[in-house]
Amino acid sequence: DANYLIKGLSLVNGSSPIGSATAVHMLDGVTVVVEDAFISGMTRTGADAGGAIGGQSATLTVRRTTLFNNSTLGSIGGAISVTSSSALTVEDSLFRGNSATGLNGDGGAIAVGSGGTVTLRRSTFSGNTSSEDGGAIAMFASNASLTIENCTFTGNSATGLGGALR
């Protein structure tokens with residue numbers, strides 16, 4: 001299993017037409033920590049997920065990071081998508097203006113699939129949008145879990161269910 005630390009980095013204006021996620025893509029047992037970063041303008045088109053960061057069977061921790069204006073077109077998770085028993089912890093971070101649009105456009109900021117475990121602490125979700133469900137966060141499976149502690153949700157919207165959470 002690999003471990004990665006991404007610290008103090010700015011990732012701006014990337015795009016990915018194939019594969020999952022534009023900035024960081026994690027698979028099978030990888031552990032990634034993103035700290036003190038700025039990730040903006042990442043655009044993901046196509047069937048896979050995660051505008052900026054995507055994980056399948058991986059562990060991701062995001063601390064003191066801004067995810068701004070990231071998007072998916074025809075997929076889930078405008079900023080982050082975690083599926084297949086991935087674990088996501090977000091602390092002291094800002095998700096602003098992220099979007100998931102088109103068919104399956106769920107989870108403007110974060111989308112959580114089968115077996116995903118998400119813990120959010122002291123973070124702000126503002127102005128994120130979804131063309132389907134979950135303007136800020138969309139949960140897709142009964143076996144996924146979400147814990148929220150001292151977070152702020154403001155101005156998030158979805159065309160379907162849950163302007164902030166689904």
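Since the structure is predicted, the reported quantities are computational estimates derived from the model, not experimental observations.
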Has S126 got a side-chain atom pairing as donor or acceptor with R96's backbone, closer than 3.5 angstrom?
no
Value for OG (S123) from CZ (R64), rounded to nearest 0.5 Å, stands at 11.0 Å
To check you understand the geometry: which heavy-atom pair defines the closest contact between S131 and T159, and what is its length?
O-CB, 3.3 Å
Electrostatic pair R122-D92, nearest N-O below 4.0 angstrom:
yes
V33, V118: one ILVMFWY side-chain cluster at the under-4.5 Å cut-off?
no
Show the numbers, then the answer: is there a side-chain contact (heavy atoms from CB on, under 4.5 Å) between L120 and I110?
CA-CA 11 Å; L120 308 173; I110 297 174; 4.1 Å; yes
Joint cluster assignment, V62 & V12, ILVMFWY side-chain distance < 4.5 Å:
no
Rounded to the nearest 0.5 Å, what separation is found between the OG1 atom of T119 and the CG atom of L88?
8.0 Å
Out of N70, I137, I53, which one pairs with I80 under the side-chain contact (heavy atoms from CB on, under 4.5 Å) rule?
I53
Backbone N or O of T65 within a donor-acceptor pair of the S93 side chain at under 3.5 Å?
yes
Is the backbone N or O of E149 less than 3.5 Å from a side-chain atom of R121, with the two atoms forming a donor-acceptor pair by type?
no
Check whether any side-chain N or O of S130 sits under 3.5 Å from a backbone N or O of E132 as a donor-acceptor pair, and report yes or no.
yes
Could you list all the ring pair (Phe, Tyr, Trp, His ring centres under 6.0 Å) pairs where at least one residue sits in residues 102-126, not counting sequence neighbours?
F95-F125, F125-F153
In terms of hydrophobic clusters joined by side-chain contacts under 4.5 Å, are M139 and L161 together?
no
Exercise: identify the closest heavy-atom pair between N69 and G97:
OD1-O, 3.0 Å
Taking salt bridge (charged side-chain N to carboxylate O under 4.0 Å, His left out) as the definition, give me every residue that meets it alongside R63, ordered by chain and number, with sequence neighbours left out.
E35, E91
As a quick check of understanding, evaluate side-chain contact (heavy atoms from CB on, under 4.5 Å) for R166 and F140, giving each step before the final call.
CA-CA 8 Å; R166 178 218 179 240; F140 289 102; 3.9 Å; yes
Keeping the roles fixed (side chain from S10, backbone from I39), state whether a donor-acceptor pair exists under 3.5 Å.
no
Hey, mind stepping through T61 and V34 against side-chain contact (heavy atoms from CB on, under 4.5 Å) and telling me if it holds?
CA-CA 6 Å; T61 300; V34 178; over 6 Å; no
Residues A100 and G78: closest non-hydrogen pair is CB-N, 4.1 Å
For G77 against A111, the heavy-atom pair lying closest together
N-CB, 3.5 Å
Transitively linked via ILVMFWY side-chain contacts under 4.5 Å: V30 with V90?
yes
Counting only N and O atoms by type, is there a donor-acceptor contact under 3.5 Å from the side chain of T31 to the main-chain atoms of N3?
no
Give me the atom names and distance for the closest heavy-atom approach of G113 to A144.
O-CB, 3.7 Å
Any sub-3.5 Å donor-acceptor pair from D106's side-chain atoms to I76's backbone N or O?
no
Any side-chain to backbone donor/acceptor pair from N128 onto N98? Under 3.5 Å, distance only.
yes
Could you state whether L94 and L67 fall into the same hydrophobic cluster, counting links through intermediate Ile, Leu, Val, Met, Phe, Trp or Tyr residues with side-chain heavy atoms under 4.5 angstrom apart?
no
Quick one: does S86's side chain have a donor or acceptor within less than 3.5 Å of a partner on T83's backbone?
yes
Output for pair (N104 CG, D133 CG), nearest 0.5 Å, gives 10.5 Å
Contact check, side chains of S16 and T45, non-hydrogen atoms, under 4.5 Å:
no
Nearest non-hydrogen partners of N156 and G135, listed with the distance
CB-C, 4.2 Å
